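What follows is a single structure, written as structure tokens, with notes after it.
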Amino acid sequence: MKLDQLAKRVAESQKNGCEMDKLTISNPELTVNQAYEIQKLSINETLTDDNRFIGWKMGLTSKAKQQQVGVEEAIYGRLTSDMELTKPVLKVGELIHPRVEPEFAFLFKDELKGANITAKDVWPAVECVFLALEVIDSRYKNFSFTLTDVVADNASSAKILLSNQAYSPYHTDWAQAEVTLYQNGEMQKRGRGEAVLDHPIHSIVELVKMINREGLSIQAGMIVLVGGITDAVSIQASDEIMADYGELGKLTLHVIE
């Protein structure tokens, strides 16, 4: 089992929007640590001067979901500049199993690293917070995968949309901030920031500790998607997705073929 070959397979599937078999079918001995190495190698395959590494995303940030899949910590993925939508329009023809979930994205002005970091270390390093929609897209057939598989597939990252308005990190209580997700005018999901590990700041603390094991950090200028506030909804061409964050504003995504 060569991790670089598996990484090339993942990168190819992500680039071309082609389904693939779970890696664990042919490599049942694959570990989560090896899956993170595959994730890193596959993303490195895509990096260029025009497609830069811009930050991190967190997944499995709901305690209920963690218990459901039998893990005790979240998972993380990598974000690149090609993933960021510059306009609120998503072409689903390029994707396989597209789903959307509302989030918050934190932008950092200072580096964060270390195994003993706490929330009080995180807040001074935050430049601002954006409203966000994350498009996830598992590249595996039938949207079926193990924990190891999803880590290797960059935690199903596909696209992100950030609000035009940025907010001071002290603007609101992010745990109590509410969002209602609409699909074609119909309410689908509702949640609060506390769905993310009881408070979004805990997601960042956990991320820093996890990537510290690899000697990595959140660097100044990076963004972090802290995790889904609600479950994701499946989308298709002609859909309009609107996340209503109350007094914080709305974020709308138009889905085309």
Side-chain angles (χ1 to χ4, degrees), residues 1-3 5-43 45-46 57-71 73-80 82-83 85 90-103 133-161 181 183-184 186 188-189 191 195 225 227-239 241 253 255-257:
M1 176 181 60
K2 293 188 175 181
L3 299 185
Q5 292 177 357
L6 296 178
K8 286 181 185 297
R9 191 192 307 174
V10 172
E12 199 68 25
S13 177
Q14 292 171 347
K15 178 183 177 182
N16 297 324
C18 298
E19 286 186 321
M20 63 180 178
D21 289 325
K22 290 183 288 190
L23 300 182
T24 52
I25 291 176
S26 53
N27 301 275
E29 74 283 11
L30 202 65
T31 67
V32 171
N33 286 340
Q34 289 172 323
Y36 276 119
E37 182 66 18
I38 291 169
Q39 178 191 121
K40 180 178 73 174
L41 292 171
S42 65
I43 291 298
E45 285 270 321
T46 73
K57 68 149 284 184
M58 289 288 274
L60 291 181
T61 49
S62 155
K63 287 297 183 184
K65 281 186 182 177
Q66 288 182 11
Q67 291 169 2
Q68 203 174 42
V69 297
V71 298
E73 65 180 13
I75 60 173
Y76 64 83
R78 289 162 161 83
L79 301 175
T80 72
D82 274 359
M83 294 179 185
L85 297 170
L90 174 72
K91 294 182 179 180
V92 285
E94 303 169 353
L95 304 175
I96 304 167
H97 307 108
R99 303 182 181 196
V100 175
E101 57 191 24
E103 304 209 11
L133 287 173
E134 182 185 12
V135 181
I136 59 174
D137 183 34
S138 172
R139 271 55 68 151
Y140 297 114
K141 291 177 181 176
N142 303 316
F143 207 85
S144 171
F145 44 80
T146 68
L147 178 69
T148 306
D149 288 306
V150 72
V151 168
D153 188 27
N154 198 30
S156 300
S157 294
K159 298 290 182 181
I160 59 173
L161 176 68
L181 193 65
Q183 185 173 27
N184 303 322
E186 292 186 14
Q188 298 290 338
K189 306 284 182 181
L225 287 177
I229 302 169
T230 73
D231 288 338
V233 296
S234 297
I235 56 172
Q236 59 187 12
S238 79
D239 278 352
I241 303 297
L253 179 65
V255 186
I256 63 174
E257 187 54 52

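Please read all numbers here as calculations on a predicted model, not as lab measurements. FYI, the numbering just counts along the sequence from 1.
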Exercise. With Q39, which residues qualify under side chain to side chain donor-acceptor pair (under 3.5 Å), at least two apart?
Worked result: R78

Problem set entry | Contact check, side chains of D137 and S156, non-hydrogen atoms, under 4.5 Å | no

Problem set entry | Closest non-hydrogen atom pair, S138 against H97 | O-ND1, 3.0 Å

For this session: Take L60 and L147 through the side chain to side chain contact (heavy atoms under 4.5 Å, CB included) test and state the conclusion after the steps.
Result: CA-CA 10 Å; L60 291 181; L147 178 69; 3.7 Å; yes

Problem set entry | Closest contact, heavy atoms only, S234 versus R99 | OG-NE, 3.5 Å

Problem set entry | Summary of salt bridge (charged side-chain N to carboxylate O under 4.0 Å, His left out) pairs that have at least one residue in residues 15-28, sequence neighbours excluded | D21-K141

Exercise. Under 4.5 Å between any side-chain heavy atoms of I160 and V135, yes or no?
Worked result: no

Exercise. At what distance, to the nearest 0.5 angstrom, does CG of L3 lie from CG of N33?
Worked result: 11.0 Å

Exercise. By side-chain contact (heavy atoms from CB on, under 4.5 Å), which residues pair with K8, not counting sequence neighbours?
Worked result: E45

Seminar exercise, completed: Exactly one candidate in L253, N184, V100, L90 meets side-chain contact (heavy atoms from CB on, under 4.5 Å) with D239; the answer is N184

Problem set entry | N/O donor-acceptor pair under 3.5 Å between T230 side chain and K189 backbone | no

For this session: Step by step, work out the side chain to side chain contact (heavy atoms under 4.5 Å, CB included) result for I256 and V92.
Result: CA-CA 6 Å; I256 63 174; V92 285; over 6 Å; no

Problem set entry | side chain to side chain contact (heavy atoms under 4.5 Å, CB included) assessment of Q236 paired with V255 | CA-CA 7 Å; Q236 59 187 12; V255 186; 5.9 Å; no

Exercise. So how far is it from L30 CG to I25 CD1, rounded to the nearest 0.5 Å?
Worked result: 12.5 Å

Exercise. Would you call E12 and R9 a salt bridge, taking side-chain N to carboxylate O under 4.0 Å as the test?
Worked result: no

For this session: Would you list the pairs meeting salt bridge (charged side-chain N to carboxylate O under 4.0 Å, His left out) in which at least one residue belongs to residues 146-158, sequence neighbours left out?
Result: R139-D153

Exercise. Taking all non-hydrogen atoms of both residues, which atom of E257 and which atom of G93 are closest, and how far apart?
Worked result: OE2-CA, 3.5 Å

Exercise. What residue pairs, at least two apart or across chains, pass ring-ring contact (aromatic ring centres under 6.0 Å, His included) with a residue in residues 19-43?
Worked result: Y36-Y76

Exercise. Could you state the interatomic distance from CD1 (I136) to NZ (K159), rounded to the nearest 0.5 Å?
Worked result: 15.0 Å

For this session: State, to 0.1 Å, how close Y140 and V150 come at their nearest heavy-atom pair, and which atoms those are.
Result: CE1-N, 4.2 Å

Exercise. Salt bridge check: are E134 and K57 linked by an N-O gap of less than 4.0 Å?
Worked result: yes

Exercise. From I38 CD1 over to N154 CG, what is the distance, rounded to the nearest 0.5 angstrom?
Worked result: 12.0 Å

For this session: Before giving the answer on side chain to side chain contact (heavy atoms under 4.5 Å, CB included), spell out for T61 and I75 the whole-Å C-alpha distance, their side-chain angles and the decisive distance to 0.1 Å.
Result: CA-CA 8 Å; T61 49; I75 60 173; over 6 Å; no

For this session: Identify the heavy atoms of G191 and I229 that sit nearest to each other, and give their distance.
Result: C-CG2, 3.7 Å

Exercise. Do you know which two heavy atoms are closest between A152 and V10, and how far apart they sit?
Worked result: O-CG1, 3.6 Å

Problem set entry | Residues forming a side chain to side chain donor-acceptor pair (under 3.5 Å) with T80, sequence neighbours excluded | N51

Problem set entry | Spatial distance of atom CD (Q14) from atom CD1 (I96) [nearest 0.5 Å] | 9.0 Å

Exercise. Distance from L161 atom CG to I241 atom CD1, nearest 0.5 Å?
Worked result: 11.5 Å

Problem set entry | Side chains of L181 and V233 in contact at under 4.5 Å (non-hydrogen atoms) | yes

Exercise. Any side-chain heavy atom of L133 within less than 4.5 Å of one from E103?
Worked result: no

